[in-house]
Amino acid sequence: MTTVTVLSGPERRRRWTSAEKLRIVEESLAPGASVVEVARRHDVHRNLVTAWRRQARTGVLACGPEPMQRQDGD
């Protein structure tokens, strides 16, 4: 049986912090780790993990201050 996550409200996409992305990337880079298995474990598409790995390698994805979240009504 699979688990389905239902997102309510106007926001339909999940938001990942840089720290969360880097943690998943580090996990996928561990010796013997599989990108597919890591993605499945975190309920993320494997292509997204691959994109995050590329961003981390090029320095685009780095741990630092998070961008400000937009407030409703702005």
Side-chain angles (χ1 to χ4, degrees):
M1 181 175 254
T2 60
T3 303
V4 176
T5 303
V6 177
L7 301 173
S8 61
E11 187 65 40
R12 298 285 186 224
R13 295 181 182 193
R14 288 182 289 172
R15 301 285 182 189
W16 300 91
T17 64
S18 294
E20 290 171 322
K21 292 176 186 179
L22 286 171
R23 185 175 45 81
I24 293 170
V25 166
E26 287 175 9
E27 190 177 329
S28 73
L29 293 173
S34 165
V35 172
V36 173
E37 288 301 319
V38 171
R40 192 174 293 142
R41 194 167 30 253
H42 292 283
D43 195 28
V44 180
H45 196 277
R46 66 184 181 269
N47 290 347
L48 192 52
V49 175
T50 302
W52 292 344
R53 287 170 52 132
R54 187 179 313 110
Q55 290 172 357
R57 188 173 54 248
T58 60
V60 174
L61 177 62
C63 205
E66 291 297 317
M68 302 252 326
Q69 293 290 327
R70 195 176 139 210
Q71 299 296 321
D72 290 329
D74 287 348

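All residue numbers refer to positions in the sequence shown, counting from 1.
Considering only heavy atoms from C-beta on, His42 comes within 4.5 Å of Arg23 through its side chain. At a threshold of 4.5 Å between non-hydrogen side-chain atoms, the residues Val35 and Arg53 count as touching.
With rounding to the nearest 0.5 angstrom, the CZ atom of Arg40 is 10.5 Å from the NE2 atom of His45. Within the model, atoms CD of Glu20 and CZ of Arg15 stand 12.5 Å from one another, a figure rounded to the nearest 0.5 Å. A distance of 6.0 Å separates CD in Gln55 from NZ in Lys21, rounded to the nearest 0.5 Å. Distance CD1/Ile24 to CH2/Trp16: 4.5 Å, rounded to 0.5 Å. To the nearest 0.5 Å, the span separating CZ on Arg46 from OG on Ser28 amounts to 14.0 Å.
The same ILVMFWY cluster, assembled from side-chain heavy atoms under 4.5 Å apart, contains both Leu29 and Leu22. Both Leu61 and Leu48 are members of a single hydrophobic cluster when ILVMFWY side chains are connected at heavy-atom separations under 4.5 Å.
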